[in-house]
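What's counted below: heavy atoms across the whole structure, side chains too, no hydrogens, waters or symmetry copies.
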Amino acid sequence: MGVFDVAVTTIFAREVLEGTIIIGQYRTVINKSPDFEDEEKRKEALKAVYQAALVASLVAIVVIIAVAVPLGITAKQLDDNVVTIIEGVSKVVAAVAILQLSTKCPKWLGYYTSKKVADDGLVRGLSTKSIKFNVAWNIWREVAEIGVFLIPFFLGDDTLVEIPVSAIIGIVIGLAGGVGVYYASLHMKNKFWLTFFLSFVTGLLSVGLFVGGCHEFEEVWGETKKVWTIEGEFWNHKKLPMAIFKPFGYSSSRTVLQICCFWLWTALLLGVHYFKYQKSQKIFAEREAAKAASSAKDEEEGSAESSQERYSDE
């Protein structure tokens, strides 16, 4: 076992990214909302966002430590097979989390939507109290999820050493990604290629983690037949430079199970994107129809008022 694990990094990066984007979304809402046109109220609301995020994060970290310490003390020494299974479970869980992230990127950048989101992107009826509660709840949930995902690592002495370095790398990636998405959403006019890039990369990572996790199970319970192997040190997925691409699904050899998992998870990923795209297009069309109907009604009322005024003048 080393000091770095891609699954742990992925978990931290995903949750920190989501938390950063949540804070960014509330900043945008506060700056655009008619409820905070007064500068003092706006500053107070922005301050409440940061305070709520900080307190919620600290509370969640305390809860995680309270769970991790007893698990680490009482856990028995695990054999290699159990450690391998733990790695497999953590990768599959991370694959599910990253698949969700892949479908959230288009929503954050305005290409997917839901009926919960207002058609103009603004939230009305906000108060500092409601902002504190919503930010605190969402940030607490994101940080607490890290603890839930890390439970398999708390159960093994060898796997615990992988958390610190992997966590730091994941936090840096998550913060950079979140800040990047926030500023892109503010300044980029055409966000299509950014949306495509984020969804594509996170989708590849999700597929790679799922395939890798299932292969860990295969190593414990028996490998299926190898379909092909690429010879040569350069192509070895355990060594640089190709080891860089391993988290995204690359492997210098493929078993039957790996190939099946790759295409099944890819089909699931594309299917979820297609479903969300179709659903979003329907909602966008309904909103456009409602706007058109509202505009037509306003024009009719305006014409009626003009006719009535002319009649009165006569």
Side-chain angles (χ1 to χ4, degrees), residues 1-26 47-101 104 129 131-179 202 205-206 209 212-213 216 247:
M1 302 296 289
V3 296
F4 172 76
D5 187 276
V6 67
V8 176
T9 297
T10 299
I11 289 166
F12 273 90
R14 186 251 192 180
E15 302 301 336
V16 171
L17 174 62
E18 288 201 21
T20 305
I21 289 175
I22 287 170
I23 293 173
Q25 285 179 324
Y26 272 96
K47 184 179 179 181
V49 169
Y50 303 133
Q51 289 177 340
L54 178 61
V55 172
S57 298
L58 291 175
V59 172
I61 290 170
V62 170
V63 173
I64 291 171
I65 293 173
V67 173
V69 171
L71 285 175
I73 294 174
T74 58
K76 297 179 180 179
Q77 183 65 35
L78 305 176
D79 61 34
D80 291 339
N81 284 343
V82 175
V83 172
T84 302
I85 292 172
I86 289 173
E87 289 181 358
V89 170
S90 66
K91 287 180 180 179
V92 170
V93 171
V96 174
I98 295 299
L99 185 148
Q100 293 174 332
L101 181 60
K104 285 182 179 180
K129 185 177 181 180
I131 287 172
K132 282 183 178 179
F133 173 79
N134 285 305
V135 171
W137 168 250
N138 281 287
I139 297 301
W140 185 89
R141 177 176 53 81
E142 297 296 344
V143 179
E145 281 179 1
I146 293 175
V148 174
F149 290 144
L150 290 180
I151 285 176
F153 290 88
F154 297 150
L155 296 174
D157 293 336
D158 294 334
T159 52
L160 279 172
V161 299
E162 298 173 345
I163 294 177
V165 174
S166 304
I168 292 170
I169 296 172
I171 290 170
V172 171
I173 293 172
L175 286 173
V179 172
T202 51
L205 182 57
S206 176
L209 286 167
E216 299 284 3

Closest non-hydrogen atom pair, [X] against [Y]:
X    : Y    : result
A167 : V8   : N-CG1, 4.3 Å
I139 : S57  : CG2-OG, 3.3 Å
A95  : L209 : CB-CB, 3.9 Å
I61  : V143 : CG1-CG1, 4.1 Å
E216 : G88  : CB-CA, 3.7 Å

Run through L17, T20, V16, I146 and flag the one making a side chain to side chain contact (heavy atoms under 4.5 Å, CB included) with I171.
-> V16

Polar side-chain atom of T9 near backbone of S166 as donor-acceptor pair, under 3.5 Å |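 Confirmed, T9 side chain pairs with S166 backbone.
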
Output yes when a side-chain donor or acceptor of S206 lies under 3.5 Å from a complementary backbone atom of T202, and no otherwise.
-> no

CD1 on I163 to CD1 on I168, rounded to 0.5 Å |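 Atom-to-atom, I168:CD1 and I163:CD1 are 12.0 Å apart.
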
List the steps, then state whether side chain to side chain contact (heavy atoms under 4.5 Å, CB included) holds for F12 with I173.
-> CA-CA 9 Å; F12 273 90; I173 293 172; over 6 Å; no

